[in-house]
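The sequence lines fix the lettering, A, B, ..., with proteins before strands; numbering per chain opens at 1.
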Amino acid sequence: MDQLQPVRGTHDILPDQSRAHRRIRETARELAERYGYAEMSTPIFEFTEVFKRTLGETSDIVTKEMYTFADRSGDQITLRPEGTAGIARALISGGLGQSLPLKFFYSGPMFRHERPQKGRLRQFHQIGVELLGAASAMGDVEVIALGDQILEALGIRGRTRLELNTLGDSASRAAYREVLVAYLISHRDGLSEDSAKRLDRNPLRILDSKDKGDREVVDGAPLFGDYLTDDARAFFDRVRAGLDDLGLAYLINPRLVRGLDYYCHTAFEYTTEHLGAQGTVLAGGRYDGLIETMGGPPTPGVGWAAGIERLAMLLDEQVPAVKPVVVIPVGDEFEAEAFRVTQRLRLAGIAADIGFSGNLSRRMKRANRMGAAYAVILGSDELARDAATLRDMETGAQEEVALDKLVDRLTQRR
RNA sequence: GCGGGUGUAGCUCAGUCGGUUAGAGCGCCAGAUUGUGGAUCUGGAGGCCGUGGGUUCGAUCCCCAUCACUCGCCCCA
């Protein structure tokens with residue numbers, strides 16, 4: 001193995017990418033705050049138990065995708081595969097449940113040992129929000145509205161669509177599961193091998209299968225909608241009415257299910273056709289039973305997470321770097337003066353840089369490559385008058401500016 | 001975890017029906033232009049042809065393995 005390669009499924013995030021990530025994170029954070037969601041972060045590793053309990057012992061993530069290890073004191077530790085479990089744990093261990101409802105925004109790296117593909121990495125980054133302690137359907141509507149506005153602000157809402165479904169409450173699911181399993185068993189021959197295995201483990205997932213045979217079977221399956229309890233149906237209706245009221249367009253997708261066990265009621269996904277097989281860009285739902293499962297007080301919750309790398313791939317333009325002012329000494333003897341001028345600009349809040357070597361032509365070339373907005377040229381002619389030549393790199397226009405007026409001139413021109 | 005494709009210069013990609021010094025465009029460096037960038041011209045640097053093994057007189061090319069990326073399944077953000 002080549003030790004100088006990054007670990008499979010991990011990437012260095014170079015400046016271009018980093019700026020895209022930052023735009024996504026910052027846009028999301030600002031809008032989240034506008035909705036009352038405060039940023040918080042939890043450790044990137046937790047006791048393995050935290051994830052096992054919340055994600056479900058049989059979920060794929062827990063059974064084969066976690067980065068789990070024993071640390072030096074023998075504790076079972078897992079690098080977080082998602083963000084909700086940590087926040088739920090924090091709510092319990094920090095006693096935050098006293099002042100509900102709580103609204104949190106988070107961002108950071110997540111880890112899953114999956115087979116890498118485009119849009120699927122072993123270390124990837126998510127932004128997410130959680131609304132804890134709000135049982136109302138308005139909570140579901142709020143988090144969706146926030147996600148929608150973030151996608152809109154990033155300019156990618158138009159390339160996604162919102163899919164919506166309800167997973168009902170536990171009574172609904174139990175009733176439906178029974179008839180679904182009965183139906184699927186009677187059509188067992190038509191099911192794929194994978195789906196046959198899911199029959200007793202996670203039959204709802206079969207609804208989501210892409211296998212042709214499965215789809216034919218599923219097309220004739222009883223509909224979950226017919227087995228919703230009155231309460232569950234009313235809840236879903238309120239969510240839909242809320243979305244309609246805000247003018248948020250969605251598509252009901254009865255096949256939309258969740259891989260993680262903690263979800264109930266509302267499930268939603270913003271999907272796109274521009275990323276190949278990894279079409280989900282932002283996904284979430286309601287998880288009323290989660291906190292209680294973890295040993296905390298019964299606390300309803302709803303939230304979502306979005307993959308930063310996937311969002312970045314949908315951004316249609318590069319995020320531009322800051323355009324600096326580049327200071328250019330004409331001749332080595334003026335370098336010290338140039339550096340003083342550069343530093344003065346920086347202290348005044350102006351992005352400034354100085355080429356480190358070469359003649360004027362070479363430094364100009366470099367300034368151009370750095371995307372300079374202005375060049376400040378310092379040579380014997382100018383310095384004799386305590387001035388500099390200020391060149392607008394876009395238009396090529398030049399003027400002489402006294403050194404002590406340079407900061408003013410540059411701030412007014414920006 | 002399963003199946004397919006790809007891997008040649010910093011980037012995008014040619015190429016060798018197995019044969020001696022492996023090419024192009026872009027980019028990079030230098031010069032034309034010792035106080036002016038983006039254009040043009042000239043020159044230059046840069047390749048264990050992903051890695052390991054096998055077949056062969058000879059492998060970048062064929063075979064096997066492996067690693068990485070990629071497409072689909074699975075799963076999911």
Residues A/Thr389 and A/Glu400: side-chain donor-acceptor under 3.5 angstrom: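 No.
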Audit row: A/Arg391, A/Glu399, salt bridge (charged side-chain N to carboxylate O under 4.0 Å, His left out) steps and yes/no: CA-CA 7 Å; A/Arg391 179 182 178 85; A/Glu399 62 175 320; over 6 Å; no
When all nucleic acid strands are considered with a 4.0 Å heavy-atom cut-off, which category describes [X]: base, sugar-phosphate, or nothing?
X        : value
A/Ile127 : nothing
A/Leu282 : sugar-phosphate
A/Arg369 : sugar-phosphate
A/Gly9   : sugar-phosphate
A/Ala367 : nothing
A/Gly128 : nothing
A/Gly396 : base
A/Arg362 : sugar-phosphate

Taking the [atom1] atom of each, how far is [N] from [M], in whole Å?
N      : M      : atom1 : value
B/rU6  : B/rC49 : C1'   : 14 Å
B/rG4  : B/rU60 : C1'   : 24 Å
B/rU55 : B/rC63 : C1'   : 7 Å
B/rU12 : B/rC17 : P     : 26 Å
B/rG54 : B/rA59 : C1'   : 11 Å
B/rG37 : B/rA30 : P     : 14 Å
B/rC11 : B/rG50 : P     : 13 Å
B/rU51 : B/rU8  : C1'   : 14 Å

Whole-Å gap separating [atom2] ([N]) and [atom1] ([X]):
X        : N      : atom1 : atom2 : answer
A/Arg25  : B/rA77 : CZ    : P     : 20 Å
A/Lys365 : B/rU36 : NZ    : P     : 12 Å
A/Phe268 : B/rA77 : CZ    : P     : 11 Å
A/Ile328 : B/rG37 : CD1   : P     : 10 Å
A/Arg115 : B/rC74 : CZ    : C1'   : 11 Å
A/Leu360 : B/rU36 : CG    : C1'   : 5 Å
A/Gln117 : B/rG3  : CD    : C1'   : 12 Å
A/Gln126 : B/rC76 : CD    : P     : 13 Å

Ring-face cation of A/Arg240 near A/Phe236 (centre distance under 6.0 Å, axis angle within 45°):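 Cation-pi check for A/Arg240 and A/Phe236: passes.
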Below 4.0 Å: OP1/OP2 of B/rG37 and any side-chain N or O of A/Ser361: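 Yes, such a contact exists.
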Could you tell me whether the side chain of [X] has a donor or acceptor atom within less than 3.5 Å of a complementary atom in the base of [N]?
X        : N      : value
A/Glu382 : B/rG35 : yes
A/Arg391 : B/rG37 : yes
A/Arg120 : B/rC74 : yes
A/Arg310 : B/rC76 : yes

Which one, [options], comes nearest to the side chain of [X]?
X        : options                : answer
A/Val330 : B/rA68, B/rU70, B/rG35 : B/rG35
A/Arg112 : B/rU70, B/rA77, B/rG35 : B/rA77
A/Lys118 : B/rC71, B/rG37, B/rA77 : B/rC71
A/Arg8   : B/rA77, B/rC69, B/rU36 : B/rC69

Geometric class of the A/Tyr287/A/Tyr263 ring pair [parallel <30°, tilted 30-60°, perpendicular >60°]: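 Perpendicular: the ring planes of A/Tyr263 and A/Tyr287 meet at over 60°.
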Among A/Glu130, A/Arg29, A/Lys103, A/Glu142, the one residue meeting side chain to side chain donor-acceptor pair (under 3.5 Å) with A/Tyr37: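 With A/Tyr37 as partner, A/Glu130, A/Arg29, A/Lys103, A/Glu142 yield a single side chain to side chain donor-acceptor pair (under 3.5 Å), made by A/Glu142.
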Salt-bridge contact A/Lys323-A/Asp353 (side-chain N to carboxylate O under 4.0 Å):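 No.
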Carboxylate-amine/guanidinium proximity below 4.0 Å for A/Arg89 and A/Glu46: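 Looking at A/Arg89 and A/Glu46, the cut-off is met.
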Whichever of A/Gln398 and A/Val7 has its nearest RNA chain B nucleotide further upstream toward 5':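 Counting from the 5' end, the first nearest nucleotide belongs to A/Gln398.
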